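First comes the structure, then the notes that go with it.
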Amino acid sequence: VTLPALAEGESLKGSGTEKDPYLIENAGDLAAFRDKVNNGDNAICAKLTNDITLSGNWTPFAYKDAVKNAFTGTFDGDNHKIIGLKIQNATNSDQGLFGTVNTGTVKNLMVEGNISSSNNNVGGVVGNLYNGTVVNCSFTGTVRSTKSGAYVGGIAGNAGNKSKAATISGCVNYGSVNGGTVGGIVGCATKTTVENSYNTGEINGTEKSAGIAGTLGKSCKVKNCFNIGEVKGTVTTGGITGFKNGNATIENCYYKAPTGVTYTCEQGTVIQDDGLTPEKLKDATSGETAFKDGSNGYPILKWQESDAPV
């Protein structure tokens, strides 16, 4: 007896637990997993087994009712790519591959795409990282919002809040980011740690603009990061951050500005003519560095195969 072949996404392998995650083999599987999350099964886990190319306009994971229906599981890209992410002219807030993450984790994932919105919290990987972790992820493409004051970031639009913490670690943005308060890694951060990350993309904001975080609110920490992307803005600009709350800290961070450009928020250390090495980005506590030499004269993360965008 010959059984008919299953269509993409018709039957996910695995059980969706952390130890036995759903295995995502193709675009149909990814959409099926997304639909499970968006239908209320938001604590399930998944792992990519292949690079995936999307077509058509993407509906994010967990973008409705914000925190109530946020993704709380673990999504492991297993160092694979999601290519062709497209979100055009979205009117809801919390736009990205994932809309809202609350206590969840997104890791080991490279994303390429173009995202545009007329609302708040727009990111290449996560729109609103309310409480959770993004680790070892990259974004290539464009992220933008036309909403006045919108939080927009290459990795996350917003991260953390007054009572909940977020962490972004080992991430890189190659894409262009446009909006209100914008950053290469995160637009607006509160009670958030950003570490071992870097930006090469062009950043342009109508309010606070910076290579790593547009604004750093209370209890934020940025360490071992660098920015070599050009930052443009109409209010405040910074190589690392466009605004820093009094108790936020910036440790061992570096930036390079275009010739003749001076940023208004001078946080971090200017990269000198002798360049930047992985050794300079060592963690003060562990003595280890998350970086290695790249081919363009600047470090890349150890998990990256090269410094070429996706």
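Since the model is a prediction, treat every value here as computed from it, not as a measurement.
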Is the side chain of [X] donor-acceptor paired with the backbone N or O of [Y] at a distance under 3.5 Å, no angle test?
{"X": "Thr234", "Y": "Thr206", "value": "yes"}
{"X": "Ser116", "Y": "Arg144", "value": "no"}
{"X": "Asn158", "Y": "Gly160", "value": "yes"}
{"X": "Thr241", "Y": "Ala210", "value": "no"}
{"X": "Asn252", "Y": "Lys280", "value": "yes"}
{"X": "Trp303", "Y": "Asn79", "value": "no"}
{"X": "Asn50", "Y": "Glu25", "value": "yes"}
{"X": "Ser209", "Y": "Lys232", "value": "yes"}
{"X": "Lys256", "Y": "Gly239", "value": "no"}
{"X": "Asn119", "Y": "Thr91", "value": "yes"}

With no hydrogens and no angle check, do the side chains of [X] and [Y] hold a donor and an acceptor under 3.5 Å apart?
{"X": "Asn173", "Y": "Asn199", "value": "yes"}
{"X": "Ser93", "Y": "Asn120", "value": "no"}
{"X": "Thr72", "Y": "Asn102", "value": "no"}

Are [X] and [Y] packed together at the side-chain level, in the sense that at least one heavy-atom pair is separated by less than 4.5 angstrom?
{"X": "Ile168", "Y": "Leu129", "answer": "yes"}
{"X": "Val122", "Y": "Asp94", "answer": "no"}
{"X": "Tyr130", "Y": "Lys164", "answer": "yes"}
{"X": "Glu112", "Y": "Leu85", "answer": "no"}
{"X": "Lys107", "Y": "Asn136", "answer": "no"}
{"X": "Val152", "Y": "Asn178", "answer": "no"}
{"X": "Asp78", "Y": "Asn108", "answer": "no"}
{"X": "Lys86", "Y": "Asn114", "answer": "no"}

Inter- and intrachain pairs under ring pair (Phe, Tyr, Trp, His ring centres under 6.0 Å), touching residues 189-222, at least two apart:
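Every ring pair (Phe, Tyr, Trp, His ring centres under 6.0 Å) pair that includes a residue of residues 189-222, provided the two are not neighbours, is Tyr198-Phe226.
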Using the salt bridge (Lys or Arg N to Asp or Glu O under 4.0 Å) rule, collect all pairs that involve residues 188-199, keeping only residues at least two apart or in two chains.
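Salt bridge (Lys or Arg N to Asp or Glu O under 4.0 Å) check on residues 188-199 returns Glu195-Lys223.
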Would you list the pairs meeting salt bridge (Lys or Arg N to Asp or Glu O under 4.0 Å) in which at least one residue belongs to residues 15-24, sequence neighbours left out?
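The answer is none; no pair qualifies.
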In this structure, would [X] and [Y] fall into the same cluster of hydrophobic residues linked by side-chain contacts under 4.5 Å?
{"X": "Tyr22", "Y": "Ile52", "value": "yes"}
{"X": "Ile87", "Y": "Leu54", "value": "yes"}
{"X": "Val222", "Y": "Val270", "value": "yes"}
{"X": "Val261", "Y": "Tyr255", "value": "yes"}
{"X": "Val182", "Y": "Phe243", "value": "no"}

Heavy-atom pair of closest approach, residues [X] and [Y]:
{"X": "Gln304", "Y": "Tyr174", "answer": "NE2-OH, 2.8 Å"}
{"X": "Val101", "Y": "Thr105", "answer": "CG1-N, 4.4 Å"}
{"X": "Ile250", "Y": "Gln267", "answer": "CD1-CB, 3.5 Å"}
{"X": "Ala257", "Y": "Tyr263", "answer": "CB-CE1, 3.6 Å"}
{"X": "Ala248", "Y": "Gly217", "answer": "CB-O, 3.6 Å"}
{"X": "Asn196", "Y": "Leu301", "answer": "O-CD2, 3.2 Å"}

Interatomic distance, [X] atom [atom1] to [Y] atom [atom2] [nearest 0.5 angstrom]:
{"X": "Cys253", "Y": "Ile212", "atom1": "SG", "atom2": "CD1", "value": "7.0 Å"}
{"X": "Ser138", "Y": "Ile300", "atom1": "OG", "atom2": "CD1", "value": "11.0 Å"}
{"X": "Met110", "Y": "Asp51", "atom1": "CE", "atom2": "CG", "value": "6.5 Å"}
{"X": "Leu12", "Y": "Ile24", "atom1": "CG", "atom2": "CD1", "value": "5.0 Å"}
{"X": "Lys221", "Y": "Thr249", "atom1": "NZ", "atom2": "OG1", "value": "5.5 Å"}
{"X": "Glu207", "Y": "Ser148", "atom1": "CD", "atom2": "OG", "value": "5.5 Å"}

Apply side chain to side chain contact (heavy atoms under 4.5 Å, CB included) to Thr53 and list each qualifying residue two or more places apart in sequence or on a separate chain.
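In terms of side chain to side chain contact (heavy atoms under 4.5 Å, CB included), with neighbours along the sequence ignored, Thr53 is linked to Ile83.
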Which residues share a ring-ring contact (aromatic ring centres under 6.0 Å, His included) with Tyr151, sequence neighbours left out:
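Here no residue qualifies.
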Between Ser163 and Asn161, does the side-chain hydrogen bond (donor to acceptor under 3.5 Å, both in side chains) criterion hold? Intermediate values first, please.
CA-CA 6 Å; Ser163 61; Asn161 59 84; 3.1 Å; yes
Does a sphere of radius 6.0 Å around NZ in Lys218 hold more than 12 heavy atoms from other residues, nucleotides or ligands, not counting ones at 6.0 Å or beyond?
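Open.
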Can you confirm whether Lys292 is buried at NZ, in the sense that more than 12 heavy atoms of other residues, nucleotides or ligands lie under 6.0 Å from that atom?
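Count over threshold, so yes.
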With side chain to side chain contact (heavy atoms under 4.5 Å, CB included) as the criterion, how do Leu23 and Lys47 come out once you've worked through the C-alpha distance, each side chain's angles and the decisive distance to 0.1 Å?
CA-CA 5 Å; Leu23 301 180; Lys47 182 170 73 172; 4.2 Å; yes
Checking Ile185 against Cys225 for the side chain to side chain contact (heavy atoms under 4.5 Å, CB included) test, could you report, in this order, the C-alpha distance in whole Å, the side-chain angles of both residues, the deciding distance, and whether it holds?
CA-CA 10 Å; Ile185 302 299; Cys225 295; over 6 Å; no
Passes side chain to side chain contact (heavy atoms under 4.5 Å, CB included), Glu288 versus Asp283? Steps please.
CA-CA 6 Å; Glu288 300 293 326; Asp283 186 80; 5.6 Å; no
Hey, can you pull the donor-acceptor pairs under 3.5 Å for the side chains in residues 30-39, sequence neighbours left out?
from: Arg34; atom 1: NH1; to: Thr59; atom 2: O; distance (Å): 2.6
from: Asn38; atom 1: OD1; to: Ala62; atom 2: N; distance (Å): 2.6
from: Asn38; atom 1: ND2; to: Pro60; atom 2: O; distance (Å): 3.1
from: Asn39; atom 1: ND2; to: Asp35; atom 2: O; distance (Å): 3.0

Full working for side chain to side chain contact (heavy atoms under 4.5 Å, CB included) between Leu97 and Val106
CA-CA 10 Å; Leu97 178 67; Val106 181; 5.7 Å; no
